[in-house]
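Proteins get letters first, then strands, A, B, ... in listed order; numbering begins at 1 in each.
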Amino acid sequence: MMIQKPRGTRDFLPPEMAQRRFIEQKMRDVASSFGYGEVVTPMFEEQELFTIKSGEGIISEMYAFEDKGGRKITLRPEITSAVIRAYVNGAQMAPKPLRWFYFAECFRYERPQKGRYRQFWQFGSELIGADSAAADAEVIALSYALLKSTGVRFILKVGHLAPMKHLLAVLDAPAQKKVMAALDKRDMEMLETTLSGLEHSELFEPLKGLTTAATLPEIFAITGDIPEKSRIEETFGYLDAQNIPYEQNFGIARGLDYYTGMVFEGFADNLGAENQILGGGVYRLAHLFGGKDVPSCGFGIGFDRVLVSLGEFTPETKPVVAVVCTPETRAAAYKTAAAFREAGITTVMDLLDRGFGAQLSSALKSGATFAAVIGEKEAQAGTITLKDLGTGSQTEISPESAVGVIHGSRR
RNA sequence: GCUAAGGUAGGGUAGUUGGACAUCCUUUAGGACUGUGGAUCCUUAGACCCGGGUUCGAUCCCCGGCCUUGGCCCCA
């Protein structure tokens with residue numbers, strides 16, 4: 001084989017694309033049912049858009065290059081920044097809140113492994129201009145409904161950065177980052193050694209408590225009455241009111257600097273090392289891109305990981321009719337095929353002038369549900385012989401009534 | 001970036017301790033069989049990841065690379 005596809009990329013052939021589109025459509029329907037509208041942004045952006053948010057270090061993990069005009073460009077490694085840039089560029093004056101979703105591919109120059117590719121798809125949403133417990137709860141509810149609609153098995157974890165940040169207030173920023181990294185990993189040994197290295201071992205028990213506390217009262221017993229208390233209680237209350245199953249976890253740090261409040265994650269149980277399929281939270285980015293500061297809350301879902309987790313499944317299919325004809329009756333067959341397609345029925349015709357037996361055999365192999373045989377007899381009578389390829393039974397009927405039969409068979 | 005295992009037709013495999021046309025199943029195309037089936041039979045197409053090295057000779061041994069799959073790091 002002379003040419004291979006680039007490392008970490010995949011070709012999707014029709015059977016797999018049918019699965020992917022099937023899941024994608026379910027997610028689109030859910031997003032739409034929550035009143036979210038789709039946005040599309042460029043596949044490449046100026047590098048600065050992402051370095052502003054995440055630092056220069058990420059350039060090594062991006063598909064970054066200079067274009068012919070000497071501009072520093074990168075294939076987008078994530079979508080949130082681009083969506084907020086688009087908001088700043090063109091929608092700051094739109095009435096709030098804005099409910100947006102996206103489904104698009106991203107590119108990262110990383111070592112591929114299970115559930116991690118260099119080109120991958122994210123389904124996500126951003127709720128812009130609503131800073132409230134109800135907003136936080138809506139975004140979580142949306143992400144939950146999206147994952148639920150796909151059929152994937154997952155666990156939702158919800159937390160808030162405030163309790164942790166209150167405990168860490170005595171540390172400087174680099175030290176906070178180290179501690180948060182250990183917390184996010186649930187690595188208590190690492191947490192303990194990090195803290196003792198910083199000579200703040202007294203923080204170990206409270207921080208550990210954040211990750212193990214199962215209820216909000218336990219959290220506030222550790223932190224005392226912090227200003228965010230009522231907001232957190234309200235958000236969790238709204239989740240409970242919607243019967244959304246989640247685990248509380250105030251150890252979520254997401255390894256990120258830019259989240260400012262509520263954070264949440266979702267994990268599939270069968271994906272190995274790359275099992276996170278959802279990540280999101282409350283953040284503020286607009287002012288970094290030259291816009292007016294605005295509260296936002298969003299998340300991304302790892303679409304490819306959802307599909308890996310789902311494994312093999314057969315999407316619902318519509319009936320497919322294979323029209324079987326001879327060179328002499330092809331004209332009549334075209335008429336029938338056109339009528340079927342007009343009626344919304346997927347219709348394929350033989351192209352190789354094969355015998356009836358070969359055409360039927362080919363129809364079976366291709367997975368067609370019906371064959372419409374149009375030979376001399378049928379062409380003269382203006383009928384077709386409709387054969388159910390599942391049962392083998394057949395009847396000679398008019399094309400019009402065949403439409404009804406085929407529609408009625410929908411599985 | 002680190003690490004382990006691996007790479008034989010489109011898919012799945014056998015095999016050679018270094019020897020001649022590389023096995024089988026599936027698949028592709030055609031036929032046996034001309035208005036009705038996934039069967040059967042015959043024929044056909046299709047592979048030793050790439051590049052060096054050792055050797056009379058390498059799919060096999062050695063080195064390097066590429067790619068795949070796990071794990072680590074990272075994960076915006």
### Task
Classify the side-chain pair A:Y283/A:E126 by whether it contains a donor and acceptor separated by less than 3.5 Å.
yes
### Task
Please check if any side-chain donor atom of A:S309 sits under 3.5 Å from a side-chain acceptor atom of A:N270, or the reverse.
yes
### Query
Between the base of B:rU36 and the side chain of A:K387, is there any donor-acceptor pair under 3.5 Å?
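Under the 3.5 Å cut-off, the side chain and the base do form a donor-acceptor pair.
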### Query
With a 3.5 Å cut-off and just heavy-atom distances, do the side chain of A:Q113 and the base of B:rU69 make a donor-acceptor pair?
no
Quickly work out the [X] [atom1] to [N] [atom2] distance and round it to whole Å.
{"X": "A:D353", "N": "B:rG35", "atom1": "CG", "atom2": "P", "value": "13 Å"}
{"X": "A:R7", "N": "B:rU69", "atom1": "CZ", "atom2": "P", "value": "9 Å"}
{"X": "A:D350", "N": "B:rG35", "atom1": "CG", "atom2": "P", "value": "14 Å"}
{"X": "A:I384", "N": "B:rU36", "atom1": "CD1", "atom2": "C1'", "value": "15 Å"}
{"X": "A:R76", "N": "B:rC75", "atom1": "CZ", "atom2": "P", "value": "22 Å"}
{"X": "A:E376", "N": "B:rU34", "atom1": "CD", "atom2": "P", "value": "17 Å"}
{"X": "A:D11", "N": "B:rC67", "atom1": "CG", "atom2": "C1'", "value": "14 Å"}
{"X": "A:L360", "N": "B:rA39", "atom1": "CG", "atom2": "P", "value": "14 Å"}

### Task
For B:rU43 versus B:rA4, give the span between their P atoms, rounded off to a whole number of Å.
48 Å
### Query
In whole Å, what separates the C1' atom of B:rG64 from that of B:rC75?
31 Å
Is there a Watson-Crick or G-U wobble partner for [N] with both distances under 3.5 Å, and which nucleotide is it?
{"N": "B:rC56", "result": "B:rG19"}
{"N": "B:rG37", "result": "none"}
{"N": "B:rA4", "result": "B:rU69"}

Is it true that [X] and [Y] have a side-chain N and a carboxylate O under 4.0 angstrom from each other?
{"X": "A:R99", "Y": "A:E138", "result": "yes"}
{"X": "A:E192", "Y": "A:K208", "result": "no"}
{"X": "A:R21", "Y": "A:E24", "result": "yes"}
{"X": "A:K96", "Y": "A:D131", "result": "no"}

So [X], base contact, sugar-phosphate only, or nothing? Heavy-atom distance under 4.0 Å.
{"X": "A:G55", "answer": "nothing"}
{"X": "A:F356", "answer": "base"}
{"X": "A:K5", "answer": "nothing"}
{"X": "A:G115", "answer": "nothing"}
{"X": "A:G355", "answer": "nothing"}
{"X": "A:K53", "answer": "sugar-phosphate"}

For the side chain of [X], counting heavy atoms from C-beta on, which of [options] is nearest?
{"X": "A:R111", "options": "B:rU3, B:rC74, B:rG35", "answer": "B:rU3"}
{"X": "A:V373", "options": "B:rG35, B:rC75, B:rG37", "answer": "B:rG35"}
{"X": "A:E378", "options": "B:rU28, B:rC74, B:rG35", "answer": "B:rG35"}
{"X": "A:E61", "options": "B:rG35, B:rG37, B:rC74", "answer": "B:rC74"}
{"X": "A:S361", "options": "B:rG38, B:rU36, B:rC74", "answer": "B:rG38"}
{"X": "A:R108", "options": "B:rG35, B:rG37, B:rC75", "answer": "B:rC75"}

### Query
Can you find a side chain N or O atom of A:K114 that sits less than 4.0 Å from OP1 or OP2 on B:rU68?
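A:K114 to B:rU68 OP1/OP2: no side-chain N or O under 4.0 Å.
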### Query
Of A:R118 and A:S54, whose closest RNA chain B nucleotide lies nearer the 5' terminus?
A:R118
### Message
Heavy-atom nearest nucleotide on RNA chain B for A:T9 versus A:E274: which residue maps closer to 5'?
### Response
A:T9
### Query
Which pair of non-hydrogen atoms, one from A:T41 and one from A:A86, has the smallest distance, and what is that distance?
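So the two residues come closest at CG2-CB, 4.1 Å.
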